[in-house]
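Notes follow the structure.
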Amino acid sequence: MPIAVFGHQSPDTDAVSSALVCAGLLERRGQQAKPYRLGPLNPETEFVFGWAKAPVPELLTRLEPDQPAFLVDHNEAAQSLPGLATQQVVGIVDHHRIGQLSTPAPILLRTEPVGCSATLLLALQREWEVALQGQEARLMLAAILSDTLGFRSPTTTEADRRAARQLAQLGEVEDLTALEEALFAAKSDVSGIPADALLKMDFKVYRFGGRPYGLAVLETTHPASLLARKGELLEAMREEKAKSQLAGIFLGVVDILSGTNQTLVPSPEEAQLLERLFGAPVHDHLADLGDRISRKQQIVPVFERHLS
Ligand code: MN
Ligand code: MN
């Protein structure tokens, strides 16, 4: 049975691209592997796969009980395929915090605090001495630009910049600025998307102190058009909180160009929590989190420290 390779729920460009590339690298290393995604493509990822002329991985809803799984761009059960058993996991390539990770057998584990999973896959491709296709290089380059917000995110490392330069060459991409602008335009073009789908576009559940919290992010070059929909977004947040029995839910609207984060909070509980954790006063369901634009580096660790 082929190894199923997939990224997190609410997949982003890195999650889908890294699944496709990782499955290709494993195949060239002599293993049977097939890439998947756990949800619909967001508008940016749809643009990227069209631009790179790459086949979109199939949707995965369940695995066979004994089918091996390889996780990219995540490692936490709460963000993975529902019902996934740790015994099935044979590999992880990721750049997020480690959740509760325990496996019965040795696995291939590659995690580093870099800006993108694709950066780690390029390193593995070199170590394994297998080929990389131009199409794969273009997907990886787009994933790095997407995850690092064009190298603006504090998660960006020298390894990401170096990988992007090498991938631009391999993928024959001459104009990085044009690609970045096209990515941001696709990311920000969400006017036709209903509020509940917007909330789930980049939505992750984390367990802090044993309780589940939903942390959504929307990165955009036009925060005003999203904030104008505050009422319906708050309503979608309240529905999701009740449906998934979350202890709290937050939606960060990140302005890519100014590098700032305004976070929506549906109730006084979340407002009090944000004030306590970040010293950010909440006015009218909106908290100014300043330059905290990286969920994994500037938001999640603060929640973890205070709530666990
Ligand atoms: Mn991701
Ligand atoms: Mn990533």
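For the single chain, residues carry numbers from 1 onward in sequence order. Every number for a ligand or one of its atoms is a count from 1 in the order of the listing. Values reported hereafter were calculated over all heavy atoms of this structure, with side chains retained and with hydrogens, waters and symmetry mates removed.
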| request: Might you confirm whether atom CZ of R211 has over 12 heavy atoms from other residues, nucleotides or ligands at distances under 6.0 Å? | output: no
| note | Rounded to 10°, the OD2/D73 to the Mn ion (ligand 1) to OD1/D12 angle comes out at 80°
| query | If you round to the nearest 0.5 Å, how far is CZ of R229 from CG of L234? | reply | 12.5 Å
| task | Please indicate whether E158 has more than 12 foreign heavy atoms, meaning atoms of other residues, nucleotides or ligands, lying under 6.0 Å from its CD. | result | yes
| task | Using the Mn ion (ligand 2) as the apex, give the angle to atoms OD2 (D14) and NE2 (H95), rounded to 10 degrees. | result | 110°
| message | Restricting to N/O/S atoms, is H96 within less than 2.8 Å of the Mn ion (ligand 1) or not? | response | no
| field | Of the N, O or S atoms in D147, the one nearest the Mn ion (ligand 2) | value | OD2
| task | Give the minimum heavy-atom separation between Q298 and P154, together with the two atoms involved. | result | OE1-CG, 3.5 Å
